[in-house]
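Worksheet for the structure shown next.
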Amino acid sequence: MLNCLVRNVSFPGKDKTYDIAIHQGVIREIDSSITAEAAKELDAGGNLVVPPFVDSHFHLDAALSLGLPRFNQSGTLLEGIEIWNELKPDLKAEQVKQRAMEMLRWSIARGTLAVRTHVDVTDPSLLALDVLLEVKDEMKNWVDLQLVAFPQDGLLRTKEGKELMVRALEKGVEVVGGIPHFERTAEEGRKSISWLCSLAESHGLLVDIHCDETDDPNSRHIEHLTYETLRMGLGERVAASHLTSMHSMDNYYVSKLLPLMAESSIQAICNPLINIHLQGRHDTYPKRRGLTRVPELLNAGVNVAFGHDCVMDPWYPMGSHDMLEVAHMGGHCLQMMGTEQMNLLLEMVTTRGAEVLNLERYGIAVGNPADFVVLQAKSVMDALRLQPVRLFVFRRGEVVASTPPSTSTLNLGGETSSVDFHLKR
Ligand code: FE2
């Protein structure tokens, strides 16, 4: 007898509904009508099922620290970094852990079950890193947490930055991070990239660089990162996060850059919520949106994923770790509302994110772990438009989060009726 049978789910782009058979945490069968008996049956009501959401760029060490020790009044990246540096010496392991655990509880409720989090390793105590390694282990049954050793204050700009990076890797971090545009000079930025890529190459690790998170079109570290990716043959092991300067770059230069990126197999991460919030802050009008060139990167053959980046921290006061909110913002700011583009938006918070994280056995397929999310929606468009309730979040065949369907009841002149915000015709 099967452990569980989920009946009547819709897959994106498919007309008929399917059943999913689960046994011992693994998807055993997917078919339009499964007759086997199961210990537990659940009717999904024809609602849409998607793989768990993947957040390919997050800062779990800072999440939910909003207002500590003060709020960001200018809304700039640099004031955010100042505030974080005021908080950093006072970080207490217990509080960092409590915030991280609470954040991940929100993530799970939203169906976000894989998170790549950068963790600041320019604090000589490496306190936040030790805490997040603990959190990663304690939460591994529910969330795949991938840690990036991130030199927030600059690798070369921080006293003993290189030593701290090496120590972080010795503790078991799997991804090497960097922030070349924040080093003292462009030349130092390039040197940091070369050093970090060599380190990742020699340790067999992944790379994820905060790259050109600025409106300055002359910030071109992506070119050097791409070059080093090619030269060392690192390929899809390397991701470039943010890339906001590409928004402002000269079109002719970008026409050379895009094929070079595709040739190297480097992956790109855009953070729509945070980029639209932080970029263009030195502009009067017109104000640049600052998001990197996502449709053009995709057209060039570069894999792109979306990250949430921040939730209620020194950089961003909003958010609840809902990757559909990220995709919704991306659709607006990047003007990706064509039907095929909407499918891409969903991919960038699911399958394309899984590619960036190099996740194995990801996706709703026979033989894979039974990890998926049933949304209160019938189509991809409705999933993006409504960011609907996550009716059921499955992890290894168990329902780890559930939320009752949302309905509104109207009372118009004594006559009651319900509204569910789906187009009926
Ligand atoms: Fe970031």
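In listed order, ligands and their atoms are each counted from 1.
- Aromatic pair His57/His210: ring centres closer than 6.0 Å.
- The Fe ion (ligand 1) forms the vertex of an angle spanning NE2 of His57 and NE2 of His210; to the nearest 10 degrees it equals 90°.
- Considering the Fe ion (ligand 1) as centre, the angle to OD1 of Asp309 and to NE2 of His59 is 80° (10° rounding).
- Residue Cys310: no N/O/S atom is found under 2.8 Å from the Fe ion (ligand 1).
- At a threshold of 2.8 Å, the Fe ion (ligand 1) has no backbone or side-chain N, O or S atom of His118 nearer than that distance.
- Counting heavy atoms of neighbouring residues, nucleotides and ligands inside a 6.0 Å radius, atom CD of Glu398 does not exceed 12 of them.
- Taking the side chain as every heavy atom from C-beta outward, Glu82 and Arg70 approach each other to under 4.5 Å.
- Phe182 carries Arg157 over the face of its six-membered ring, with the cationic atom under 6.0 Å from the centre and within 45° of the normal.
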